[in-house]
Amino acid sequence: MITQPPPQPLRLVVDLNRCQSYGQCVYAAPTVFRFHGEESLEYDYAPGAGLRREVERAAAACPVQAITLGGATEPAPGTNGDGR
């Protein structure tokens, strides 16, 4: 029996200096990206693995390629790294 490795946690980075607030990411992945006010982008920097496809679509839709998606290599900020 072949087993699949568990999905790797995602780490999402948006270059806010490059972002021009076109909002294509918000349309592609509204559970991950949102606008606060008229132009301030907020996003979940560590979305669940189940959102990978949605986040990949959002990154591809960004006209200025400001979104980088990778695997988590360190604990998310605000956690102590032991899963709690």
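Starting from 1, each residue takes its place in the sequence as its number. Computed from a predicted structure; not experimentally measured. FYI, side chains are in, hydrogens and waters are out, and symmetry mates aren't considered; it's all heavy atoms of this structure.
In this structure, the side chains of Val26 and Leu41 come closer than 4.5 Å at one or more pairs of heavy atoms. The shortest side-chain heavy-atom distance between Pro63 and Gln24 falls under the 4.5 Å cut-off. Side-chain contact between Thr68 and Asp15 is absent, with no heavy-atom pair separated by less than 4.5 Å. For the pair Glu54/Pro30, a side-chain contact is recorded, criterion being any heavy-atom separation below 4.5 Å from C-beta on. Taking the side chain as every heavy atom from C-beta outward, Thr31 and Leu51 approach each other to under 4.5 Å. The shortest side-chain heavy-atom distance between Ser40 and Phe35 does not fall under the 4.5 Å cut-off.
Under a hydrophobic-cluster definition in which Ile, Leu, Val, Met, Phe, Trp and Tyr are linked whenever side-chain heavy atoms come within less than 4.5 Å, directly or via other members, Val13 and Phe33 are assigned to different clusters. In this structure, Tyr22 is not a member of the same hydrophobic cluster as Val55, with clusters built from ILVMFWY side-chain heavy atoms closer than 4.5 Å. A continuous path of Ile, Leu, Val, Met, Phe, Trp and Tyr side chains, each step under 4.5 Å between heavy atoms, connects Leu16 with Tyr45, placing both in one hydrophobic cluster.
Between Arg18 and Gln65, the shortest heavy-atom contact is NH1-O, 3.2 Å. When all heavy atoms of Arg11 and Ala46 are compared, the pair lying nearest together is NH1-CB, 3.4 Å. Closest approach of Ala58 to Ala28, counting heavy atoms only: CA-CB, 3.6 Å.
Between the CD atom in Glu56 and the CG atom in Leu10 there is a gap of 8.0 Å [rounded to 0.5 Å]. Put simply, CZ on Arg34 and OH on Tyr43 are 10.5 Å apart, with the number rounded to the nearest 0.5 Å. Annotation: the span from Cys62 atom SG to Ile67 atom CD1 amounts to 4.5 Å, rounded to 0.5 Å.
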